[in-house]
J.: 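Below is a structure I'd like to ask you about.
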Number of protein chains: 2
Amino acid sequence: MDTGCATATVTSVGEARREQAVAAALELLEQDGETALTMRRLAGQLGIRAPSLYKHFPNKAALEVALMAEGLRQMGDTLEAAPPDVAGLTRAYRSWALEHPHLYSLTTGRPLPRDELPSGVEERAAAPVLRVLGDEHRARAAWAAAHGLASLELAGRFPPDADLDAAWAALATAFDRRRPAQPVRETR
Amino acid sequence: MDTGCATATVTSVGEARREQAVAAALELLEQDGETALTMRRLAGQLGIRAPSLYKHFPNKAALEVALMAEGLRQMGDTLEAAPPDVAGLTRAYRSWALEHPHLYSLTTGRPLPRDELPSGVEERAAAPVLRVLGDEHRARAAWAAAHGLASLELAGRFPPDADLDAAWAALATAFDRRRPAQPVRETR
DNA sequence: ACCTGAACACCGTTCAAGT
DNA sequence: ACCTGAACACCGTTCAAGT
């Protein structure tokens with residue numbers, strides 16, 4: 001069976017419009033949040049009607065996958081540039097999440113469609129965490145911990161007077177092998 | 001100013017219908033997920049039309065707050081009954097999340113409307129965590145870590161072959177003051 | 001006090017038809 | 001190859017009207 005090499009080319013000729021749409025979608029999402037990201041509004045931004053978008057994306061989910069890929073790429077860049085220790089990674093992770101709240105929740109808040117994602121994107125984002133944490137189990141736990149604290153912070157789940165810098169520091173300490181010994185408190 | 005005692009009564013006479021609606025909504029949510037929870041379908045379950053629901057709830061958000069309160073109550077019960085150590089709490093938390101995936105994400109995945117929540121519900125769920133973790137910063141970090149790992153697990157974000165029991169164990173170890181010393185791996 | 005039908009302003013998506 | 005209008009099956013919500 002000769003499948004040719006067409007499936008291997010990443011960007012074909014008529015992809016310009018598609019990328020234009022992804023860029024406009026990203027802008028809509030980052031500026032006005034998830035509820036603003038509708039096929040009709042996106043079409044409006046491009047000067048076309050909603051049904052035309054279905055020539056470029058099979059459905060809305062495919063558009064969101066493109067945005068997720070962008071989010072994972074940005075997170076990968078962020079973590080690679082961070083100081084290679086637990087404190088450095090958590091600080092970088094938190095900053096990126098707070099600076100891109102809507103892209104952050106779209107990127108992390110739904111199932112990962114691994115088959116539809118550009119290959120390597122997930123691995124690249126995970127690599128610095130794995131390197132610093134040492135083994136995959138601790139890496140997954142630490143990643144999840146940072147995700148949990150970031151998403152609770154973004155969702156405004158903590159009391160207004162909560163000291164979140166301290167909570168982030170406690171999280172980093174918990175996963176740092178060289179953390180200072182924690183004295184067990186006296187039980188009176 | 002005499003405000004009377006009416007505001008203090010928790011359940012008034014005509015609340016039966018409302019509680020019936022909350023129970024039906026919970027069933028809809030747990031069985032068929034968030035997308036199944038619509039005002040029209042809920043009304044259908046009760047044998048009425050959607051507009052009638054607005055005599056019992058100002059809007060859909062208020063219905064969801066009632067479900068969140070139920071979720072927080074159940075989590076409080078679960079954590080209070082758990083063995084009072086880090087491993088016991090995380091195991092209980094994970095089990096409850098996996099057994100109630102849809103109620104879990106509704107309860108934890110949106111902003112906390114503290115003013116509309118029955119008082120004490122949040123505090124009761126947090127109390128066992130605070131007791132075991134010792135201080136509020138570590139408590140928030142550990143809570144967030146468990147939330148992060150539970151929600152990533154529920155969303156299917158890990159590779160199919162990932163050992164999530166080990167990830168949960170690593171998380172518990174990180175927050176356990178009496179954890180065994182972690183040898184730093186040789187860098188060859 | 002509770003419920004209704006009709007309507008409004010939205011969704012995602014399909015499809016025959018146009019260029 | 002790309003875009004269109006019209007339509008379908010949904011949403012949450014409002015409101016005048018019925019009992």
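Per chain, numbering begins at 1; letters A, B, ... match sequence-line order. Values below: every heavy atom of this structure, side chains too, minus hydrogens, waters and symmetry copies.
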J.: When the nearest nucleotide of DNA chain C is assigned to A:P58 and to A:T35 on a heavy-atom basis, which residue is associated with the more 5' position?
T.: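 Upstream on the strand: A:T35.
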J.: Does any N or O in the side chain of A:R114 come within less than 3.5 Å of the main-chain N or O of B:R157, such that one atom is a donor and the other an acceptor?
T.: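 Yes, A:R114 side chain to B:R157 backbone: donor-acceptor pair under 3.5 Å.
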J.: Where the side chain of A:M39 is defined as all heavy atoms beyond and including C-beta, which of D:dT14, C:dT13, D:dT4 is the nearest nucleotide?
T.: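 Selected nucleotide: C:dT13.
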J.: Reckon B:R41 has a side-chain N or O less than 4.0 Å from the OP1 or OP2 of D:dC10?
T.: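 No, because none of the side-chain N or O atoms of B:R41 sits under 4.0 Å from OP1 or OP2 of D:dC10.
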J.: Can you check whether B:R17 has a side-chain N or O nearer than 4.0 Å to OP1 or OP2 of C:dA1?
T.: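 No, B:R17 has no side-chain N/O under 4.0 Å of OP1/OP2 on C:dA1.
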J.: Check the distance between D:dT14's P and B:K55's NZ and give it to me in whole angstrom.
T.: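 It is 11 Å, rounded to the nearest whole Å.
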J.: Starting at OH of A:Y54 and ending at P of D:dT4, how long is that distance when rounded to a whole Å?
T.: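 That distance rounds to 14 Å.
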J.: State whether the distance check finds a donor on one side and an acceptor on the other, under 3.5 Å, for side chain B:R40 versus base D:dG12.
T.: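 In this structure, the two groups form a donor-acceptor pair.
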J.: For B:M68 and B:V121: C-alpha separation, side-chain torsions, deciding distance, then whether side chain to side chain contact (heavy atoms under 4.5 Å, CB included) applies.
T.: CA-CA 10 Å; B:M68 267 187 57; B:V121 166; over 6 Å; no
J.: Side-chain N or O of B:T38 less than 4.0 angstrom from OP1 or OP2 on D:dC11?
T.: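 For D:dC11, OP1 or OP2 has a side-chain N or O of B:T38 closer than 4.0 Å.
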J.: Mind checking who C:dC3 pairs with, Watson-Crick or G-U wobble, both distances under 3.5 Å?
T.: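 Its partner is none (no Watson-Crick or G-U wobble pair with both distances under 3.5 Å).
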J.: Output yes when A:D165 and A:R94 qualify as a salt bridge under the 4.0 Å nitrogen-oxygen rule, no when they do not.
T.: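 A salt bridge is present here (some side-chain N lies under 4.0 Å from a carboxylate O).
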J.: Classify the ring geometry between A:Y104 and A:Y93 as parallel (under 30°), tilted (30 to 60°) or perpendicular (over 60°).
T.: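 Judged by the thresholds at 30° and 60°, the geometry between A:Y104 and A:Y93 is perpendicular.
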J.: In whole angstrom, give the distance that lies between atom CD1 of A:I48 and atom C1' of D:dA1.
T.: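 So the two atoms are 13 Å apart, to the nearest Å.
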J.: Searching all strands shown, indicate the nucleotide that pairs with C:dC8 (Watson-Crick or G-U wobble; both distances under 3.5 Å).
T.: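 Across any shown strand, C:dC8 pairs with D:dG12.
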J.: Can you measure A:L46 atom CG to D:dC2 atom C1' for me and round it to whole angstrom units?
T.: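 That distance rounds to 13 Å.
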J.: Given B:W168, which partner from the list B:D163, B:T173, B:L149 fulfils the side-chain contact (heavy atoms from CB on, under 4.5 Å) test?
T.: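 So, applying the side-chain contact (heavy atoms from CB on, under 4.5 Å) to B:W168 and each of B:D163, B:T173, B:L149, only B:L149 qualifies.
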J.: Under 4.0 Å between a side-chain N/O of B:H56 and OP1 or OP2 of C:dC3, yes or no?
T.: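 Yes, because at least one side-chain N or O of B:H56 sits under 4.0 Å from OP1 or OP2 of C:dC3.
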J.: What's the CZ-C1' distance between A:F57 and D:dC2, to the nearest Å?
T.: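 My rounded result for the distance is 14 Å.
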J.: For B:K60 and D:dG12, is the shortest distance between a side-chain N/O and OP1 or OP2 below 4.0 Å?
T.: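 Looking at the OP1 and OP2 atoms of D:dG12, one of them is under 4.0 Å from a side-chain N or O of B:K60.
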J.: Measure CZ/B:R49 against C1'/D:dA16 and give the value in whole Å, please.
T.: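 It works out to 18 Å between those atoms.
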J.: Rounded to whole angstroms, how far apart are CG on B:L53 and C1' on C:dT4?
T.: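 After rounding, the gap between these two atoms is 13 Å.
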J.: Can you tell me how far P of D:dC2 sits from CD of A:Q20, to the nearest Å?
T.: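 Result: 12 Å.
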